[in-house]
Asker: 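Following this message is one structure expressed as C-alpha cells.
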There are 2 protein chains.
Amino acid sequence: MVITVDDERLDAMFAALADRTRRDIVARLGEGEATVKELAAPYAMSLQAVSQHIGVLERCGLVSRGRHRQTRPCRLEPGALEAAVSWIEESRRVWAERMDRLDTHLARLQDGERQ
Amino acid sequence: MVITVDDERLDAMFAALADRTRRDIVARLGEGEATVKELAAPYAMSLQAVSQHIGVLERCGLVSRGRHRQTRPCRLEPGALEAAVSWIEESRRVWAERMDRLDTHLARLQDGERQ
DNA sequence: CGCTTGATAAAGCGTCTGCTTGAGTATCGC
DNA sequence: GCGATACTCAAGCAGACGCTTTATCAAGCG
C-alpha cells in the first residue's frame with residue numbers, strides 16, 4: 001500500500017514547500033528563469049540565505065541551476081511538482097471511493113427498510 | 001500576487017505532509033475513522049508520539065478528533081487538502097501559461113522570418 | 001595584474017521538531 | 001471505590017532548520 005521508494009523524495013518536496021520564501025521563489029520561477037541575485041532582491045535576508053533556499057529546492061528536484069558567465073540562472077524543473085500532486089490526488093481518491101461505498105451501503109439499507 | 005492570508009496555513013499543511021508517518025496516517029484515515037491506539041499500532045514509536053503527530057495534522061486542519069467513550073476517534077477533514085493542491089495547481093498554471101506565451105512568441109518570430 | 005561582482009562553503013547560533021519518559025485526566029467494567 | 005484502558009500534558013534531549021557572518025572561488029573589467 002505504501003510506496004516506500006518515493007517517501008524520501010516526498011519528505012524533501014513537502015518540506016521544501018513548507019516555507020513561504022521557497023514557495024514564493026517557485027512561484028517567481030514559474031514566470032521565467034532568474035539569477036540568485038534577482039531572486040534574493042525582494043527579501044530582507046542575505047543573498048547566502050536565498051542561495052541556501054535554492055539549494056533546498058534543488059535537492060528535492062524542483063529547481064535546477066545552470067551557469068552563464070558569473071551568474072547561476074535558476075529554472076523550474078517542469079514535472080517535479082507531479083510527485084506531490086499525485087500523492088495528494090491518490091489520498092483524495094481513496095477518500096472519495098470510501099464515501100461512494102458508504103453511500104451505496106446507506107442506499108441498500110434504505111432499500112431494505114422499504115421492503 | 002502573493003495571498004498572505006493563506007501563507008501560514010500552507011506552511012503548516014506542507015510541513016505536516018513533510019513527514020512519512022503523518023502522510024501514512026492521512027492515507028489510513030482515508031479508509032475510515034480510527035482511534036489513536038489503532039493508528040499507533042503499526043509503528044515502533046510510542047503512543048504519545050503518534051498523538052503528537054495527530055495533533056500536528058489537527059492544527060493544520062487536515063484531521064479532526066471527536067470523543068466516543070474513552071476513545072478519541074480521528075477522521076479526515078474532507079476539503080482540507082484543497083489548500084495545498086490549489087497552490088500547486090496555481091504554480092503549474094503560471095508555468096504552463098508562460099510556456100504558451102513562449103510558443104506564441106517563437107511562432108511569431110518564425111512568421112517574421114518567412115515574410 | 002588587482003578590483004569588483006555573483007555566487008558557494010563553512011561555522012556558529014537560536015529556534016523548532018520528533019521522540020522519549022513520567023505524570024495526569026477521563027471513562028469503562030467490576 | 002478500584003484498577004484497567006485510552007489518551008493528553010509536560011519536560012527534556014538530540015538533531016534538523018533558518019539565518020547570520022566570514023572566508024573562498026570564479027568570471028568579467030580597468
Side-chain angles (χ1 to χ4, degrees), chain A residues 2 4 7-29 32-76, chain B residues 2 4 7-29 32-76:
Chain A
V2 178
T4 323
D7 272 345
E8 284 174 27
R9 186 164 182 213
L10 278 177
D11 275 9
M13 184 158 304
F14 281 124
L17 295 177
D19 184 284
R20 184 210 241 259
T21 304
R22 286 195 292 262
R23 283 197 306 277
D24 203 30
I25 288 174
V26 168
R28 289 175 56 212
L29 286 177
E33 285 193 8
T35 66
V36 177
K37 192 190 181 189
E38 287 166 351
L39 289 171
Y43 307 107
M45 72 186 84
S46 68
L47 184 82
Q48 290 91 323
V50 173
S51 181
Q52 286 169 351
H53 277 307
I54 296 170
V56 172
L57 293 171
E58 200 176 22
R59 230 166 290 129
C60 77
L62 277 171
V63 160
S64 65
R65 271 186 281 204
R67 283 185 180 235
H68 179 251
R69 296 175 177 255
Q70 68 270 57
T71 73
R72 234 133 297 189
C74 304
R75 75 184 68 178
L76 218 53
Chain B
V2 178
T4 322
D7 271 347
E8 283 174 29
R9 188 166 179 211
L10 278 179
D11 274 10
M13 184 157 305
F14 280 125
L17 294 177
D19 183 284
R20 183 211 243 261
T21 304
R22 287 195 290 262
R23 284 198 306 276
D24 203 29
I25 288 174
V26 168
R28 290 174 57 211
L29 286 177
E33 285 192 10
T35 66
V36 178
K37 192 191 180 189
E38 287 166 350
L39 289 171
Y43 307 107
M45 72 185 85
S46 69
L47 184 81
Q48 289 93 321
V50 173
S51 181
Q52 286 170 353
H53 278 305
I54 296 170
V56 172
L57 292 171
E58 200 176 23
R59 230 166 290 129
C60 77
L62 278 171
V63 161
S64 65
R65 271 186 280 206
R67 285 184 177 233
H68 178 251
R69 296 178 176 253
Q70 69 270 56
T71 73
R72 235 133 294 186
C74 305
R75 76 184 67 178
L76 218 53

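The structure presented is a predicted model; accordingly, all values stated were derived computationally and were not measured. Proteins come first, then strands; the chains are lettered A, B, ... in the order of their sequence lines, and each starts at number 1.
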Asker: Quick check on contacts: within residues 54-72 of chain A, what sits under 4.0 Å from DNA chain D by heavy-atom distance?
Answerer: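 A/Arg69, A/Gln70 - these, ordered by number, are the residues of the stretch whose heavy atoms sit under 4.0 Å from the strand.
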
Asker: Do you know which two heavy atoms are closest between A/Thr71 and A/Thr35, and how far apart they sit?
Answerer: CB-CG2, 3.9 Å

Asker: Where the side chain of B/Ser51 is defined as all heavy atoms beyond and including C-beta, which of D/dT20, D/dA11, D/dT8 is the nearest nucleotide?
Answerer: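 Selected nucleotide: D/dT8.
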
Asker: Would you mind reading off the distance between B/Asp19 atom CG and D/dG15 atom C1', rounded to a whole angstrom?
Answerer: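 So the two atoms are 14 Å apart, to the nearest Å.
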
Asker: Give me the first and last nucleotide of DNA chain C, going 5' to 3', that has any atom under 4.0 Å from a heavy atom of chain B.
Answerer: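 So the outermost contacting nucleotides come out as C/dG18 to C/dC28.
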
Asker: Between atom CZ of B/Arg75 and atom CG of B/Leu29, what is the distance when rounded to the nearest 0.5 Å?
Answerer: 10.5 Å

Asker: Roughly how far, to the nearest 0.5 Å, is the CZ atom of A/Arg20 from the CZ atom of B/Phe14?
Answerer: 14.0 Å

Asker: For the NE2 atom of B/His53 and the CG atom of B/Asp24, what is their distance to the nearest 0.5 Å?
Answerer: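 Spacing of NE2 (B/His53) from CG (B/Asp24) equals 10.5 Å.
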
Asker: Give, for atom CZ of A/Arg22 and atom CD of A/Gln52, the distance between the pair rounded to the nearest 0.5 Å.
Answerer: 10.5 Å

Asker: Could you measure the distance from the CZ atom of A/Arg23 to the CZ atom of A/Arg28? Nearest 0.5 Å is fine.
Answerer: 15.0 Å

Asker: Starting at the 5' end of DNA chain D and moving along, which residue's nearest nucleotide shows up first, B/Gln48 or A/Arg22?
Answerer: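 Here B/Gln48 is the residue nearer the 5' end.
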
Asker: What's A/Thr21 touching, base or sugar-phosphate or nothing? Going by heavy atoms closer than 4.0 Å.
Answerer: nothing

Asker: Please give, in whole Å, the distance from D/dT8 C1' to B/His53 NE2?
Answerer: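 So the two atoms are 16 Å apart, to the nearest Å.
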
Asker: Got a second to check how far A/Cys74's SG is from A/Glu33's CD, nearest 0.5 Å?
Answerer: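 CD of A/Glu33 is found 8.5 Å from SG of A/Cys74.
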
Asker: Which atoms form the tightest heavy-atom contact between B/Ala15 and A/Ala18, and what is the distance?
Answerer: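 B/Ala15 and A/Ala18 have their closest heavy atoms at N-CB, 3.4 Å.
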
Asker: Given D/dT22, D/dA11, D/dC19, which nucleotide is nearest the side-chain atoms of A/Met45?
Answerer: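 Nearest to the side chain of A/Met45 among the choices is D/dC19.
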
Asker: Between D/dA11 atom P and B/Gln52 atom CD, what is the distance in whole Å?
Answerer: 13 Å

